[in-house]
Amino acid sequence: MWDRILVNCNIATMDRSVPGAFGALEDAMIAIDGGRIARVGRRIDMAGFQAKQVDNLGGAWVTPGLIDCHTHLVFGANRAHEYEMRLNGATYEEIAKAGGGIVSTVAATRGASEDELVEAARPRLHALMKGGVTTVEIKSGYGLDTETEMKLLRAARALGKGEKVRVSPTLLALHALPPEYRERRAEFVRIAVEEMLPAAAREGLASAVDAFAEGIGFTIDEVRLLFDAAKAHGLPVKLHAEQLSNLGGAAMAADYGALSADHLEHADEAGIAAMARAGMVAVLLPGAFYALRETREPPVDLLRKYKVPMAVATDCNPGTSPVLSPTLMLNMATTLFRLTPEEALAGMTVHAAKALGLADDIGTVSAGKAADLCVWRVNRPAELCYWIGLPGPERRIVAGEDS
């Protein structure tokens, strides 16, 4: 006697062990028990089983819950004024060098309490959830001091406890150089390595460690210092790499067995090959590409050639990707980066789970995994990418319960 059975549905399992596009099972059913998937199969093969609750889905499609594996969801204020500046011709780098960009969010974030940050982020989280997200990664990075970075991570944790969503918090220790350390760069890196990271590890606040390797961010050598410390504390790493230029960040991240390298518009073949050898995920962020009006696309053909899994995420942040719709990212991944619908959906399910180190628990509709599911009133899975502005699933299930 299971807790619940979903019947009369079609399932895009995204499980590679299931033959065919999307790992699809038609006229199927899903058994749920104890918040996990007990069994998945065609309805005819599961006849006779019983459950306390039976839901007839009327032929709807079921997918894994969407996973947004790269966001900066918690921050103070916003940067709508920079949006106007970009429309008037200013570049991302020009805005950053003029005191805007990441550091312009820092004062508002430092001045806000943890509760204020949580409540400011909650509507953004609700928008992602309404769009089908059941797991979200939330980075810090807008504090640029130990106290505020820990406050951001605690706020991320609090959001996860207060909502029906799984939160994976990441310490983005090297995001931008604070203005007060402009002439003391090495000192700030030391603080990130010797104070921020140990504090996050000591309190168990972070699931991973991240950095921004870029000309307006941090050098490869500086990031190595952080990654060495992360390794010593047993924390996995990931990297903002090759967004605006090629510093060799993808290859360096591969040296550390990083979970992912994200953005990658300027990545070269050597970097992609290194990622493949390390078993990394490439996280593509079409929202930032679109908002910044970039023209250089990430090397999707190389990623396919080397069989590097491609995840897709919103990169929700106040400056360069004010995106609150996961299904819009599915559309942009197909229209801007020319992913297939199956690649795009895999990018927000199975590959996004791997990018967070959670592939054993979420990302596919498979027996034994968490019962995080979305029910969509569509005729085929490709419609999740086809419709621009698709409002979200008809039903969102987290740990076996409607939410």
Side-chain angles (χ1 to χ4, degrees), residues 14 21-22 63 66-72 82-83 86-87 89-93 127-128 131-133 136-137 212 214 239-246 249-250 260-269 271-272 275 280-352 355 378 380-392:
M14 307 313 294
F22 300 95
T63 69
L66 300 185
I67 301 166
D68 196 348
C69 66
H70 183 131
T71 84
H72 307 252
E82 291 182 17
Y83 168 71
R86 287 199 303 274
L87 290 177
T91 68
Y92 179 35
E93 292 186 75
L128 295 178
V133 168
V136 59
E137 186 251 23
F212 182 34
E214 191 52 74
L239 185 66
H240 290 61
E242 272 77 273
Q243 180 184 9
L244 305 172
S245 62
N246 188 345
S260 69
D262 304 27
H263 287 291
L264 295 174
E265 282 88 338
H266 290 261
D268 59 18
E269 187 162 5
I272 301 303
M275 290 177 63
M280 292 170 59
V281 177
V283 179
L284 307 184
L285 304 169
F289 178 90
Y290 170 83
L292 292 172
R293 294 191 288 184
E294 296 287 351
T295 57
R296 179 160 177 158
E297 302 163 17
V300 170
D301 287 341
L302 282 176
L303 293 167
R304 288 178 179 142
K305 174 182 175 180
Y306 285 93
K307 296 181 171 56
V308 175
M310 292 179 283
V312 176
T314 64
D315 192 14
C316 176
N317 76 74
T320 62
S321 189
V323 173
L324 297 174
S325 170
T327 54
L328 179 59
M329 294 303 91
L330 293 177
N331 176 270
M332 285 190 177
T334 56
T335 56
L336 298 179
F337 296 161
R338 288 181 285 280
L339 269 64
T340 67
E342 185 176 9
E343 286 174 329
L345 186 55
M348 292 203 86
T349 54
V350 59
H351 295 158
V378 295
R380 56 194 301 159
E383 289 186 45
L384 304 185
C385 305
Y386 164 73
W387 291 109
I388 300 173
L390 186 73

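Everything numeric in this text was worked out from a predicted model, so none of it was measured.
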- Does a sphere of radius 6.0 Å around OH in Y306 hold more than 12 heavy atoms from other residues, nucleotides or ligands, not counting ones at 6.0 Å or beyond? yes
Say you draw a straight line from [atom1] of [X] to [atom2] of [Y]; how long is it, rounded to the nearest 0.5 Å?
X    : Y    : atom1 : atom2 : value
L345 : T327 : CG    : OG1   : 11.5 Å
Y290 : T335 : OH    : OG1   : 10.0 Å
L330 : E343 : CG    : CD    : 12.5 Å
E82  : L87  : CD    : CG    : 12.0 Å
S325 : D68  : OG    : CG    : 10.0 Å
E265 : F337 : CD    : CZ    : 5.5 Å

Closest heavy-atom pair and its distance - [X], [Y]:
X    : Y    : value
A241 : A250 : CB-N, 3.9 Å
L66  : G131 : CD1-O, 3.7 Å
G287 : V323 : CA-CG2, 4.0 Å
M280 : A261 : CE-N, 3.6 Å
N331 : C385 : ND2-O, 2.9 Å

Quick one: are [X] and [Y] in side-chain contact, heavy atoms under 4.5 Å?
X    : Y    : value
L128 : P326 : yes
T63  : P381 : no
E383 : L390 : no
L339 : L284 : yes
L239 : D262 : no
P341 : Y386 : no
V300 : R338 : no
F22  : R380 : no

- Message: Exactly one of V281, L303, L264 should register a side-chain contact (heavy atoms from CB on, under 4.5 Å) with M310. Which one does?
- Response: L303
Short side-chain to backbone donor-acceptor contact, [X] and [Y], under 3.5 Å:
X    : Y    : answer
Q243 : E214 : no
S321 : T314 : yes
N246 : H266 : yes

- Message: With side-chain contact (heavy atoms from CB on, under 4.5 Å) as the criterion, how do T91 and L292 come out once you've worked through the C-alpha distance, each side chain's angles and the decisive distance to 0.1 Å?
- Response: CA-CA 8 Å; T91 68; L292 292 172; over 6 Å; no
- Please assess E242 against D268 for the test side-chain contact (heavy atoms from CB on, under 4.5 Å), listing each intermediate value before the final yes or no. CA-CA 9 Å; E242 272 77 273; D268 59 18; over 6 Å; no
- Query: Hey, what's the ring geometry for H240 with H263, parallel, tilted or perpendicular (30° and 60° as the breaks)?
  - Reply: tilted
- Task: Walk me through it: do V283 and C69 pass the test side-chain contact (heavy atoms from CB on, under 4.5 Å)?
- Result: CA-CA 8 Å; V283 179; C69 66; 3.9 Å; yes
- Given N317 and T71, is the side-chain contact (heavy atoms from CB on, under 4.5 Å) satisfied, shown in steps? CA-CA 7 Å; N317 76 74; T71 84; over 6 Å; no
